[in-house]
Every structure is written in structure tokens, then in C-alpha cells.
Amino acid sequence: MLDSMNKNDDVISGVRVRFAPSPTGYLHIGGARTALFNWLFARHNNGVFLLRIEDTDQQRSTKEATQAILESMKWLGLDWDEGPYFQSQRLPIYKRYAEQLVAQGNAYYDTDAEGRTAIRFKMQDNVIILNDLVHGAITFDAAVIEDFVILKADGFPSYNFACVVDDADMKITHVIRGDDHISNTPKQIALYNAMEVRLPEYAHIPMILGEDGSRLSKRHGATSVTEYRDKGYLPQALVNFLALLGWSPGNDQEILSMREMIEKFSLKRVNKTSAQFDNTKLNWMSGQYIKNTSIEELTAAARLFFEKSDIDTTGISINRLSRLIELYHERFKNLQELVDQTRFFFTDSVEYDPAATDKFLKREGISEILKEVYSAISLLNSFDRQGLEGCLRDLTAKAGIGFSKIAQPIRVAITGRSASAGIFETMELLGKETTLKRLENTIKNMDGITNAVGL
RNA sequence: UGGGAGGUCGUCUAACGGUAGGACGGCGGACUCUGGAUCCGCUGGUGGAGGUUCGAGUCCUCCCCUCCCAGCCA
């Protein structure tokens with residue numbers, strides 16, 4: 001590393017860690033958090049972070065999943081120094097080690113009822129102690145662990161074996177992974193011992209659960225990094241949020257840049273308790289990041305996002321689009337919300353929220369009020385926020401009504417919604433022509449309705 | 001069932017054995033334009049029962065609950 005991100009004196013030298021997903025689906029947020037902790041640990045210690053694809057299940061592994069995982073890693077900003085290595089390309093290595101274990105008497109050939117012959121590792125009757133960096137010492141009685149397959153009949157290694165062979169071969173110094181692997185660890189330690197390889201350090205980090213406290217699965221809605229990207233979350237926001245699931249910097253600071261996370265990250269401050277993924281708090285954090293992002297940056301990102309949402313922005317200048325973003329800057333928590341809130345800006349056929357029209361338009365006297373608004377502002381020479389405010393406040397003052405009496409009907413008429421950015425700013429941005437047209441259409445529709453009812 | 005891990009506000013978290021604090025949410029105000037924006041305030045917790053101790057979220061015992069491993073899945 002040319003520019004060392006960490007100048008603290010707690011740096012461990014020679015650190016090599018890895019993230020080793022199996023390519024059976026998208027990168028989910030639990031895996032992303034495991035990758036993040038490994039990455040933070042590597043960067044904090046100026047070590048090496050490598051990627052290894054555990055594609056040893058020929059049925060379930062796909063090229064598409066591998067691509068999706070790599071893309072998600074890049075999107076999150078988790079760059080790797082080595083790899084990706086593919087276990088499917090290392091078959092001879094596993095075979096060699098497995099046969100050596102057989103030769104040593106630590107493993108044996110075993111044929112099952114279906115006639116498939118595999119190599120099975122023989123567990124001893126000893127006590128195995130795992131000194132975990134997060135959990136402390138954990139003791140296992142190896143006698144209760146059954147012999148397990150290390151090399152399958154198809155020549156592929158099983159998980160525990162491939163993991164140990166590769167971690168040893170790739171000189172991994174710290175194994176940081178989900179604590180669902182704690183129960184696998186005594187098997188892996190037994191393998192290390194049989195292979196006479198030095199053990200890595202272990203840090204088993206707590207799992208991330210769904211919002212109902214159960215293990216993450218598809219029925220929890222969005223669980224993959226890809227889905228959060230597609231909803232328009234900023235990668236840094238998701239990273240920051242994930243970092244704080246199971247780790248804290250030791251104070252009350254919640255918004256941390258990548259650099260700060262790297263500086264402050266320590267396995268000592270990783271806790272043992274699983275965390276439920278709370279989308280509501282993610283939204284809050286995402287909103288914080290949106291607010292801290294410049295209008296220029298947001299405008300560029302928003303344009304891409306609008307296009308992906310089938311909203312044509314080609315006729316809208318950067319200047320005009322950035323004015324829209326500026327108005328809504330503090331009102332959206334992800335780009336999808338921006339799209340939902342500002343659809344009215346891009347179309348002449350505004351979608352009207354029925355609840356909003358019921359509450360603010362389909363009321364007695366509203367049509368008359370809007371007509372007055374219409375004629376008042378159509379006389380304005382400078383259709384800007386100051387001119388509009390002066391004109392409309394004047395109108396309500398003369399009529400002796402509260403300003404919200406006209407603000408809400410106008411808002412619904414021109415945006416279709418009961419909540420929006422400031423009403424003068426919105427009218428200014430839409431422009432005189434569009435504003436008047438929408439008011440006119442609204443008035444026509446209302447009169448049509450009231451006439452029909454015979455009022 | 002056997003083995004393993006873990007239980008602090010609804011959620012994420014903090015607390016050398018020494019006043020259980022922060023954040024999100026929720027609720028309530030304020031903003032003579034909305035609120036799903038912003039600001040302010042409030043609410044709410046150590047799974048249960050014993051024990052050790054001047055003092056227990058923290059240490060001990062028993063119980064309860066959740067999750068993981070026990071696949072030729074990872």
C-alpha cells in the first residue's frame with residue numbers, strides 16, 4: 001500500500017484475509033457485511049484482502065451468480081488484492097491433500113448405498129479448543145463429531161476441506177466469517193492438525209437476520225445488494241449501515257466515512273449478538289448520505305436513475321434537473337423515492353393521488369378559489385417564487401382566509417400529491433404555462449364533477 | 001435429540017463490578033404552505049428465579065427463549 005490508511009500503533013503486520021462466497025445467488029447483505037469486515041480489517045492493517053469463489057457444488061453454482069457477486073463488491077467499493085480464485089479450478093490440489101490424508105491414516109475411502117465412493121476424514125476422540133477473537137475460548141468434544149466427507153465422488157472437495165486447504169495454501173492469517181461456522185470450526189481444526197499446518201486466527205462475527213428475527217431469505221423482501229442498488233441507495237450509505245451491525249467505533253458516532261471506518265475498525269469491538277436488519281434505520285442513514293452529497297453528483301446519478309425508471313430526461317437540461325434535485329434534496333432517502341415524488345415534473349398527464357384530491361379538491365368552494373388563483377397569477381410578469389408569494393399571500397389576505405386554504409389545492413392540482421417541496425418554488429420550476437394549464441384542467445374536472453352532482 | 005453460540009428500549013447499539021447512555025422508529029409540540037422536510041421534547045430496556053457483593057446488565061447456579069452444526073450443501 002502506498003498510502004497507508006492507518007497510522008495507529010495497533011496494526012498487525014502480514015495480515016491476509018479473504019471473502020469466500022459460494023456463487024449460488026446474489027450477494028446478500030449478510031455476505032456483504034462479512035466481506036466488509038474482512039476488507040476493513042485488511043485495510044486497517046495494511047494487509048491483503050482476497051476473493052475466493054467456493055464453487056464446489058456443481059448443481060447450484062452459476063457463472064451469473066459469480067458475476068453478480070463481483071459486481072456487488074465493486075459497487076460497494078470493496079476492492080480486492082488477489083483473486084478471484086475459483087475452487088473448481090483447483091481440483092488436483094484437493095485430491096493430492098485428500099490422498100495424503102488417506103496415506104497417513106487420517107482419512108479413508110467410503111462407499112455409500114448408492115455405490116459412490118468418497119474420501120471421509122476420521123475424527124479423533126480428543127478435545128478441540130477454538131480460541132476465537134470474538135467469542136473467546138470454545139471447547140468441543142471431537143468424539144461427538146462424526147467422520148465427514150472431504151472429497152466427493154465427483155472429485156470435488158466438500159466445504160470444510162476446501163476451506164482448510166485453501167486457507168492454508170493462500171496463507172490466510174485471519175478467518176473472519178459468520179458465526180454459523182463456529183460448529184464447523186472443530187472439524188477444520190482437526191484437518192489443520194492432521195495436515196500439520198499452523199492454524200489461522202478465527203473471528204466469528206454475528207449473523208444478520210431478517211426484520212422478523214429469522215435467518216435471511218427471499219421472503220424478507222430485499223436482501224441482496226443488487227436490490228438496494230436498484231432502489232437507488234448510495235453504496236456508502238449501505239456500507240456505513242452494515243458496518244454498524246455488529247461493530248461500533250466505541251462512541252456515539254454513526255456516520256463514518258470509509259476512511260474513518262478503516263482507521264477505527266477493530267475485531268475487539270465486534271460484538272457477539274446477531275442483528276436484525278432494520279430497513280427503516282437504513283432509510284434514515286441513506287437520507288443522511290443523500291443530504292451530504294452535492295447537487296451536482298446527485299443530478300448525474302438521478303438522471304441515470306430516471307432513465308432506468310423509463311422516465312425520459314433527454315429534453316431536460318442539467319441546470320433544470322439540478323433545480324428539481326435541489327428542491328427535493330432533503331426530502332428523499334433514496335433515488336426511488338425521488339422518482340416517486342417528482343413524477344409530475346416529467347409528464348403532462350399528472351397522476352393524482354385519490355386521497356389527496358378527496359381531501360383538498362373535492363370540497364365546496366375550491367373551484368372558485370383556484371379560479372381566483374388562476375387569474376391572479378396569470379397577470380404576473382415575473383413568474384418567480386418572490387412574485388408568486390407576494391401575489392398569493394395578497395390574495396389570501398384580501399379574502400381573509402388562511403394560506404393553507406389555497407396552498408394545498410394548488411399543490412394537489414400541480415403535483416397530484418398532498419406533500420411536495422415549497423409551493424412557490426414548485427410553481428416557479430414548473431413555469432407559468434404548465435402551472436396555469438394544470439390549474440385549468442383541475443378546475444374543468446371539478447366543475448364537471450360538481451355539475452354532474454347537480455350542485 | 002446431541003453438540004455449539006447468543007439473549008440490554010419495538011430495532012441497531014454503549015456502559016474498569018459503581019447514576020443503564022446514544023441512534024432509528026413511535027408519540028407530542030413548533031414551523032400563520034403540506035409534511036413522508038426541519039427543529040425541540042417525550043416515551044421505552046438489562047429473558048426469568050435464586051445467589052455472591054456495600055453495590056450486578058456485568059460474577060455463580062438453575063430455568064426459559066432464539067439461532068447454528070449434526071448433508072457426497074456451503
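Here the structure is a predicted model, which is why all the values come from computation and not from measurement.
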| Partners passing side-chain hydrogen bond (donor to acceptor under 3.5 Å, both in side chains) against A/T117 (at least two apart in sequence or in another chain) | A/T111

| Sequence-distant partners of A/K398, side-chain hydrogen bond (donor to acceptor under 3.5 Å, both in side chains), two or more places apart | A/D394

| message | Considering only residues two or more places apart or on different chains, which pairs with a residue in residues 129-157 of chain A satisfy salt bridge (charged side-chain N to carboxylate O under 4.0 Å, His left out)? | response | none

Would you say [Y] and [X] are linked by a side-chain donor-acceptor pair, where the criterion is simply a distance under 3.5 Å?
| X | Y | value |
| --- | --- | --- |
| A/Y94 | A/D166 | yes |
| A/N38 | A/H174 | no |
| A/N283 | A/Y233 | yes |

| Where each residue is assigned the nucleotide of RNA chain B containing its nearest heavy atom, which of A/S248 and A/E146 is assigned the position nearer the 5′ end? |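 The residue closer to the strand's 5' end, by nearest nucleotide, is A/S248.
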
| Integer-rounded Å distance: B/G2 P and A/F140 CZ |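 Those two atoms, CZ and P, are 17 Å apart.
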
| field | Whole-Å distance separating the CD1 atom of A/I145 from the P atom of B/U1 | value | 19 Å

Every protein N/O within reach of nucleotides 58-64 of chain B N/O, cut-off under 3.5 Å:
none

| Which residue pairs pass the ring-ring contact (aromatic ring centres under 6.0 Å, His included) test with at least one member in residues 244-294 of chain A, sequence neighbours excluded? |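 The answer is A/F37-A/F265, A/Y228-A/F277, A/F241-A/F277, A/W247-A/F265.
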
Can you check nucleotides 37-47 of chain B for protein contacts, nitrogen or oxygen pairs under 3.5 Å, and list what you find?
{"from": "B/A37", "atom 1": "OP1", "to": "A/K333", "atom 2": "NZ", "distance (Å)": "3.1"}
{"from": "B/A37", "atom 1": "O3'", "to": "A/E330", "atom 2": "O", "distance (Å)": "3.2"}
{"from": "B/A37", "atom 1": "O2'", "to": "A/E330", "atom 2": "O", "distance (Å)": "3.3"}
{"from": "B/U38", "atom 1": "OP1", "to": "A/K291", "atom 2": "NZ", "distance (Å)": "2.1"}

| Around A/Y26, counting heavy atoms of other residues, nucleotides and ligands shown, do more than 12 lie under 6.0 Å from its OH? | no

| Which base sits across from B/A15 as a Watson-Crick or G-U pair, both distances under 3.5 Å? |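 Across all strands, not a single nucleotide pairs with B/A15.
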
